[in-house]
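Just below is one structure, and these are the notes that go with it.
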Number of protein chains: 2
Amino acid sequence: MGEREQDVIAKLEAAGVQPSAQRIAVGAYVLYTDAHPSADEVLAEVERAGRTAKLSRATVYNTLNLLVEKGLLRQLTLAEGRVVFDPVIERHHHFIDEATGRIHDVAWDAVRMPAPPPPPGFEVREYQVVMRGTRKKTR
Amino acid sequence: MGEREQDVIAKLEAAGVQPSAQRIAVGAYVLYTDAHPSADEVLAEVERAGRTAKLSRATVYNTLNLLVEKGLLRQLTLAEGRVVFDPVIERHHHFIDEATGRIHDVAWDAVRMPAPPPPPGFEVREYQVVMRGTRKKTR
DNA sequence: GTTCGTGCAAACGGTTTGCAACAAT
DNA sequence: ATTGTTGCAAACCGTTTGCACGAAC
């Protein structure tokens, strides 16, 4: 067993997750990649690497969601695919109410921020701050 | 015909879009709402408002995409539903290559920014800058 | 032997596509 | 007549669910 796998097992156990063969295989990829893969890409990549027991789609989804729950992984909802429309054309920021999913516009001037630097070799066309949170408890 | 409809027609024509009955109906809702609706919510809302010719799902999608193309509407990909995973747990920002869809991590310290203010009555749990752009032309 | 994890297939929901019917000019 | 627009149904793709099999303690 490789060093990588040892490492994955340690992380899984530290998070209170039973290190099954499938979870190790998924973790050995997804916990070390910077490719920001989707669930299907994880499945494809693990199958390609091959040296593991059979792995079903459902197990990939189960495992990824479990790792997110346990704080080993973060879930990003930045990919195209489910889309929502905003008639406000001017640059502005967004706040997402995590309880309801409702999106609120936040005025551009509400945040004083220098233009952020893109990764080397890229140029920024547009940027915004995305906030997530909930309604404040009234006491 | 209401003032709202007149307005929509003007916007459509200014953008070089033929103002069909369906497009006017869609525009009369989506160009004036702050609810950030999905395509299906647009369909539901327009049907509820009712005072218009029949409207099919496909036409809603066509119309919304057309309005986005013409710059009358912005498309946000912030809603849950298509998801991608990142093993970097620490707070950081993201850059999305619009040509490829690839997502790059951007170090938190790369952007010097005060914590942004949420809409009144809300509190922020987490926030980040989301940049979109493309690879720089090499000349 | 009870609990937990997995695989399979079906269901589900949002989006896209192909095509025929239908305006509009 | 040509071009553009719409409706319908099917296809598609990512995700979730239900259930039965199998492994682990």
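To find a chain, count down the sequence lines: A is the first, B the second, and so on, and within it residues start at 1.
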Taking [atom1] from [X] and [atom2] from [N], how many angstroms apart are they, rounded to a whole number?
X	N	atom1	atom2	result
A:Asn65	C:dT6	CG	P	13 Å
B:Glu69	D:dT5	CD	P	11 Å
B:Asp40	C:dG14	CG	C1'	7 Å
A:Leu64	C:dG5	CG	P	15 Å
B:Glu41	C:dG13	CD	P	14 Å
B:Asn62	D:dT5	CG	C1'	8 Å
B:Ile24	C:dA24	CD1	P	11 Å
B:Glu80	C:dG13	CD	P	17 Å

Item checked: Check: B:His104 ring centroid to A:Phe122 ring centroid under 6.0 Å -> yes

I want to verify a distance call: between [options], whose nearest atom is closest to the [X] side chain?
X	options	value
A:Arg82	C:dG14, C:dC8, D:dT15	C:dG14
A:Lys54	C:dG7, C:dT15, D:dG14	C:dG7
B:Thr59	C:dG5, D:dG7, D:dG14	D:dG7
B:Ala58	D:dC8, C:dT16, C:dC8	D:dC8

Next item on the list: Run through B:His92, B:His93, B:His94, B:Arg91 and flag the one making a side chain to side chain donor-acceptor pair (under 3.5 Å) with B:Gln128.
Entry: B:His94

Next item on the list: Using a cut-off of 6.0 Å, state whether more than 12 heavy atoms not belonging to A:Arg4 lie near its atom CZ.
Entry: yes

Check: Is any side-chain nitrogen or oxygen of B:Ser20 closer than 4.0 Å to OP1 or OP2 of D:dT6?
Finding: yes

Notebook entry, point to check: Would one find a side-chain N or O of A:Tyr61 under 4.0 angstrom from OP1 or OP2 of D:dT16?
Noted result: no

Notebook entry, point to check: When the nearest nucleotide of DNA chain D is assigned to B:Val17 and to B:Val83 on a heavy-atom basis, which residue is associated with the more 5' position?
Noted result: B:Val17

Next item on the list: For B:Gln18 and for A:Gln18, locate the closest nucleotide of DNA chain D by heavy-atom distance; then report the residue assigned to the nucleotide nearer the 5' terminus.
Entry: B:Gln18

Note to self: So that I can tick it off, tell me whether B:Glu123 and A:Lys136 are bridged by a salt bridge, with the cut-off set at under 4.0 angstrom between side-chain N and carboxylate O.
What the structure shows: no

Notebook entry, point to check: Does B:Arg57 reach the main-chain N or O of B:Leu43 with its side chain, forming a donor-acceptor pair under 3.5 Å?
Noted result: no

Check: With a non-hydrogen cut-off below 4.0 angstrom, is B:Arg57 in contact with a base, only sugar-phosphate, or nothing?
Finding: base

